[in-house]
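Single-structure report; data block below.
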Amino acid sequence: ATTCAASSSGAIASANMVVTGMATILPSTFTTMTIASSTQETGATNTITVGLVIDTAALAANDVIVISMGATKFQTADGALTIGGGGAAKFGSTGAWLLSAGTLTLTVGTGQAVTANTAIAITFDLQNLATAQAALAPTVAATTCAASSSGAIASANMVVTGMATI
């Protein structure tokens with residue numbers, strides 16, 4: 001016969017465990033994501049204004065935000081775009097525009113960071129198409145090591161003001 005000496009009641013007493021790495025990492029999201037255009041005139045230079053806030057993650061050097069506005073919705077050729085506005089320095093005051101995808105890629109600069117719940121306000125110029133088009137439906141996404149186990153902040157639809165040409 002085997003006897004157990006767990007306790008006088010026959011149960012094993014409760015004890016706290018030593019925990020390592022059991023934190024829950026919630027996916028981050030954009031809590032603010034607005035985009036507006038300065039003009040709806042066909043063929044005109046259009047100053048685009050973007051406002052973003054990320055809820056929990058901080059963006060650090062080399063993390064990326066991608067704003068997607070749709071392929072061939074503007075005339076601006078591929079290349080570096082000058083970024084203005086209060087958040088421009090976070091991205092080295094430039095972004096990479098890709099016409100065929102209609103995307104602006106913003107990379108957080110060395111020594112820069114975007115903290116959680118801090119507003120990012122930027123502007124940039126694009127050349128509108130020479131023909132009328134319906135309002136765009138831009139999205140925004142980010143890639144960051146701090147966001148979640150997948151390292152991504154999911155793509156989300158932006159709140160749009162303007163963004164059509166007439």
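Values below: every heavy atom of this structure, side chains too, minus hydrogens, waters and symmetry copies.
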To the nearest 0.5 angstrom, please state how far the [atom1] atom of [X] sits from the [atom2] atom of [Y].
X	Y	atom1	atom2	value
Asp63	Thr143	CG	OG1	8.0 Å
Thr115	Ile120	OG1	CD1	8.5 Å
Ile65	Leu59	CD1	CG	5.0 Å
Thr94	Ile83	OG1	CD1	7.0 Å
Leu99	Lys73	CG	NZ	11.5 Å
Thr42	Gln75	OG1	CD	9.0 Å

Practice problem: Say whether Val108 and Ile54 are linked into one hydrophobic cluster, either directly or through other cluster members, by side-chain heavy-atom distances under 4.5 angstrom. | Solution: yes
Quiz item: Given the rule that I, L, V, M, F, W and Y join up when any side-chain heavy atoms are under 4.5 Å apart, are Met69 and Met33 in one cluster?
Solution: yes
Any side-chain heavy atom of [X] sitting closer than 4.5 Å to one from [Y]?
X	Y	value
Trp97	Leu126	yes
Leu104	Leu81	yes
Phe124	Thr49	no
Ile67	Leu106	yes
Val160	Pro138	yes
Ile48	Asp125	no
Leu52	Val140	yes
Phe74	Asn128	yes

Looking at [Y], is its backbone amide N or carbonyl O close enough to the side chain of [X] to form a donor-acceptor pair, meaning the two atoms are under 3.5 Å apart?
X	Y	result
Thr39	Glu41	yes
Thr161	Ala36	no
Lys90	Ala113	yes

Could you tell me which non-hydrogen atom of [X] sits nearest to which non-hydrogen atom of [Y], and how far apart they are?
X	Y	answer
Asn62	Val64	O-CG2, 3.7 Å
Ser68	Ala101	OG-O, 4.2 Å
Ala71	Ser100	CB-O, 2.9 Å

Quiz item: Do other residues, nucleotides or ligands put more than 12 heavy atoms under 6.0 Å from Gln127 CD?
Solution: yes
Practice problem: For the residue pair Asp55 and Thr29, confirm or rule out a side-chain donor-acceptor distance under 3.5 Å. | Solution: yes
Quiz item: Can you list the steps and then say if Phe91 with Thr107 is a side chain to side chain contact (heavy atoms under 4.5 Å, CB included)?
Solution: CA-CA 5 Å; Phe91 307 103; Thr107 303; 5.9 Å; no
